[in-house]
Amino acid sequence: MKVKVVLGDLIKVRGISLNELSLKTGVRRAALSELANQKRENINFKHIEEIAKVMNITDIREIITLVEED
């Protein structure tokens, strides 16, 4: 199993840009971009909390999911 951050899909559905999300969360745009493109190996849960707060998400499964590895 592997943890997958689905931020890329979420920002498309919610119609928010990475720049706007960065401004609202205080998380660097580069860090958000890495999360959205699944290029980040480590997850900062403070970032996930800020994203959830800004996007009014109460279920972390909207941001993080588990997937089978190939």
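These numbers come from a predicted model, not from an experiment.
- Considering only heavy atoms from C-beta on, E68 comes within 4.5 Å of M1 through its side chain.
- E20 is linked by a side chain to side chain donor-acceptor pair (under 3.5 Å) to K24, counting only residues two or more places apart in sequence or in another chain.
- A single hydrophobic cluster is seen to contain both F45 and I51, as judged by linkage of ILVMFWY side chains at heavy-atom distances under 4.5 Å, directly or through other members.
- Nearest heavy atoms, A36 versus L18: CB-CD2, 4.4 Å.
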For residues 28-35, please give each side-chain donor-acceptor pair under 3.5 Å, one per line with the distance, not counting sequence neighbours.
from	atom 1	to	atom 2	distance (Å)
R29	NE	N19	OD1	2.9
S33	OG	N37	ND2	3.3
E34	OE1	R40	NH1	2.4

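- Follow the hydrophobic side-chain contacts under 4.5 Å out from V54 and you reach V5 in the same cluster.
- In terms of hydrophobic clustering, with Ile, Leu, Val, Met, Phe, Trp and Tyr side chains grouped at heavy-atom distances under 4.5 Å, V13 and I57 are assigned to different clusters.
- H47 NE2 to S22 OG: the interatomic distance, rounded to the nearest 0.5 Å, is 9.5 Å.
- Note on I48 and M55: same hydrophobic cluster, where clusters join Ile, Leu, Val, Met, Phe, Trp and Tyr whose side-chain heavy atoms are under 4.5 Å apart, directly or indirectly.
- No single ILVMFWY cluster, assembled from side-chain heavy atoms under 4.5 Å apart, contains both I16 and V6.
- In this view, K4 satisfies the side chain to side chain donor-acceptor pair (under 3.5 Å) rule with no residue, not counting sequence neighbours.
- Side-chain contact between L7 and L21 is present, with at least one heavy-atom pair separated by less than 4.5 Å.
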Side-chain donor-acceptor distances from residues 58-67 under 3.5 Å, at least two apart:
from	atom 1	to	atom 2	distance (Å)
D59	OD1	R61	N	3.0
D59	OD1	R61	NE	3.0
D59	OD2	R61	NE	3.3
D59	OD2	R61	NH2	2.8
E62	OE1	R14	NH2	3.2

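- For L23, there are no side chain to side chain contact (heavy atoms under 4.5 Å, CB included) partners at least two apart in sequence or on another chain.
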Please evaluate residues E49 and K53 with respect to the criterion salt bridge (charged side-chain N to carboxylate O under 4.0 Å, His left out), reporting the C-alpha separation (whole Å), side-chain torsions for both, the decisive distance (0.1 Å), and the verdict. CA-CA 6 Å; E49 288 174 6; K53 188 183 327 177; over 6 Å; no
